[in-house]
Amino acid sequence: FGIRIIAVRYRLEAQLREAAADIEAQRVAERRRSEQLDALRATVADISAELELPRLFQAILGRAVALLDATGGDLGLYEADSDQLLIVASHNMGQDYTGARMKSGEGAMGRAAETSEPVIVRDYQTWEGRSPQYAQGPWHATMATPLLAGGQLVGAIGVVDARPERQFTDSDLRLLNLFAQQAAFAIERARLFEAERRQVQELTVLHDIAAVGVEATNVESLIQDAVQVVGDTLHPDYFGVGLVDEGAGVLRVCRSTRRVREERLTIPLGQGVAGRVIAGGQPLRVPDVSREPGYADVNPGTRSELCVPLKAEGRVIGLLNIESTRLDAFGQADERLMMAFAGQLATAIEKMRLYAESERR
């Protein structure tokens with residue numbers, strides 16, 4: 001009888017210890033959830049205050065990685081016309097994936113975008129759905145979730161961890177989903193602000209170019225003032241204007257926003273991006289100049305380019321060239337603005353040439 005009493009006492013003590021351990025574990029979990037929610041609130045407050053898109057993308061991604069105590073991650077925006085994700089921010093991934101594109105369904109982020117559902121991968125190295133673009137990375141645990149605003153797909157965010165022992169949990173996924181919802185609305189808000197800002201810029205540039213066309217006394221001063229207007233308003237990494245010299249068979253760069261050797265640069269007609277634009281009379285966006293055959297590396301650091309023709313009475317008389325140190329920096333809105341600018345500038349140049357010719361005669 002005494003032995004049974006001792007056995008019962010030991011069982012009770014063991015049960016009490018287990019209950020105490022469970023209570024402590026619950027307390028730790030609650031404290032961690034409370035800390036995560038506090039961090040989430042602070043994170044959302046920070047990103048909601050940012051309206052400049054490139055900085056917002058980096059802020060969202062960096063905050064997500066820190067929030068999940070992960071190694072790195074990528075952020076992609078969804079492009080409906082191509083049904084792809086464009087990577088707009090990359091953080092601590094071994095290489096900069098900014099500018100890369102992923103098909104819908106490709107990899108963890110592509111699958112999250114395709115299904116509008118989050119994805120958890122225990123080991124990306126052995127996962128059959130991994131993207132060829134990310135196959136060589138040192139990460140293991142991977143998690144991705146869609147960015148949805150008002151039921152519309154904005155993009156996807158993915159985080160990775162290079163530690164073999166790390167596994168993302170359902171709790172981690174819930175936290176990332178909460179963050180992603182707020183991040184999607186922050187992106188949409190910044191996009192609206194960017195659209196309004198761009199509209200103001202467009203009107204400003206077109207108004208100022210019209211004023212320049214009235215005040216300029218010759219083609220050289222017209223182009224110089226036009227380049228100044230674009231530089232002061234849009235602040236491009238590089239912007240230049242070139243005119244076709246049919247007699248010499250070259251394109252002459254007249255003015256640019258950089259006082260380097262391209263001020264006197266001549267490019268044989270038919271070569272490179274400029275040659276294709278002049279020959280075809282159509283604008284050309286180059287998302288990655290390193291992949292462009294025959295690209296002339298005039299401006300070190302250039303990664304993407306937008307080139308549009310200057311056309312007067314259906315004839316190409318020159319071109320506008322704008323470059324960026326970021327991959328895939330130019331979109332349809334940039335192209336429309338440059339085409340509108342090119343139309344005004346070409347008309348002003350041609351009128352000034354005709355006036356100069358009539359004066360000479």
Side-chain angles (χ1 to χ4, degrees), residues 198-199 201-234 236 238-258 262-286 292 294-296 298-299 305-323 330-361:
R198 179 176 289 276
Q199 186 175 22
Q201 283 185 329
E202 290 179 4
L203 293 173
T204 300
V205 168
L206 296 178
H207 173 270
D208 291 348
I209 291 301
V212 164
V214 172
E215 297 172 0
T217 57
N218 54 57
V219 171
E220 175 66 22
S221 66
L222 170 64
I223 293 176
Q224 179 178 346
D225 292 344
V227 168
Q228 188 68 42
V229 165
V230 173
D232 291 345
T233 308
L234 302 181
Y238 168 85
F239 175 74
V241 178
L243 295 180
V244 173
D245 185 339
E246 294 180 346
V250 298
L251 174 76
R252 299 188 185 278
V253 177
C254 305
R255 283 286 169 179
S256 76
T257 55
R258 291 182 181 174
E262 67 263 31
E263 292 285 354
R264 301 296 179 184
L265 182 67
T266 58
I267 302 173
L269 295 180
Q271 289 189 7
V273 175
R276 290 168 60 187
V277 170
I278 292 171
Q282 298 297 322
L284 180 62
R285 276 182 278 159
V286 183
E292 180 68 19
Y295 174 74
V298 175
N299 296 306
E305 179 178 5
L306 168 62
C307 194
V308 301
L310 288 169
K311 299 172 75 172
E313 298 180 355
R315 181 171 53 91
V316 177
I317 63 171
L319 55 77
L320 308 179
N321 190 51
I322 188 168
E323 300 176 7
F330 306 109
Q332 292 181 348
D334 301 293
E335 186 177 310
R336 285 195 299 270
L337 173 59
M338 287 299 105
M339 287 297 290
F341 172 40
Q344 277 197 331
L345 184 59
T347 300
I349 289 173
E350 195 65 9
K351 284 183 177 179
M352 197 156 289
R353 280 178 165 175
L354 292 173
Y355 178 78
E357 179 64 18
S358 65
E359 285 286 293
R360 186 187 65 80
R361 289 177 179 175

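From a predicted model like this one, the values you see are computed outputs, not experimental measurements. We use all heavy atoms of the structure for the numbers below, so side chains are in, but hydrogens, waters and symmetry mates are not.
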Go through it in stages, so that I can follow the logic: the residues are Leu243 and Ile349, the test is side chain to side chain contact (heavy atoms under 4.5 Å, CB included), and I'd like the CA-CA distance, side-chain angles, deciding distance and then a yes or no. CA-CA 10 Å; Leu243 295 180; Ile349 289 173; 4.1 Å; yes
Check the pair Asn321, Tyr238 against side chain to side chain contact (heavy atoms under 4.5 Å, CB included), reporting the backbone distance first and the verdict last. CA-CA 8 Å; Asn321 190 51; Tyr238 168 85; 3.6 Å; yes
With Gln228 via side-chain hydrogen bond (donor to acceptor under 3.5 Å, both in side chains) - residues at least two apart: Asp232
Which distance, rounded to the nearest 0.5 Å, do you find between the CD1 of Ile322 and the CG of Leu337? 8.0 Å
Hey, could you give me the CG/CZ distance between Leu306 and Phe239, rounded to the nearest 0.5 Å? 9.5 Å
Under 3.5 Å, which donor-acceptor pairs do the side chains of residues 309-320 form with other protein atoms, sequence neighbours left out?
| unit_1 | atom_1 | unit_2 | atom_2 | d |
| --- | --- | --- | --- | --- |
| Lys311 | NZ | Gly281 | O | 3.4 |
| Arg315 | NH2 | Glu350 | OE2 | 3.2 |

Could you give me the CA-CA distance, side-chain angles and deciding distance for Arg336 and Phe341, then say whether side chain to side chain contact (heavy atoms under 4.5 Å, CB included) is met? CA-CA 9 Å; Arg336 285 195 299 270; Phe341 172 40; over 6 Å; no
Side chain to side chain contact (heavy atoms under 4.5 Å, CB included) with Ala340: which residues, sequence neighbours excluded? Leu206
With sequence neighbours excluded, tell me which residues meet side chain to side chain contact (heavy atoms under 4.5 Å, CB included) with Glu292. Val273, Arg276, Val286, Tyr295
Nearest heavy-atom pair of Ala274 and Cys307: which atoms, and what distance? CA-SG, 4.5 Å
Can you tell if the side chain of Met339 reaches within under 4.5 Å of the side chain of Pro283, non-hydrogen atoms only? yes
Short side-chain donor-acceptor distance under 3.5 Å, Asp334 and Gln332: no
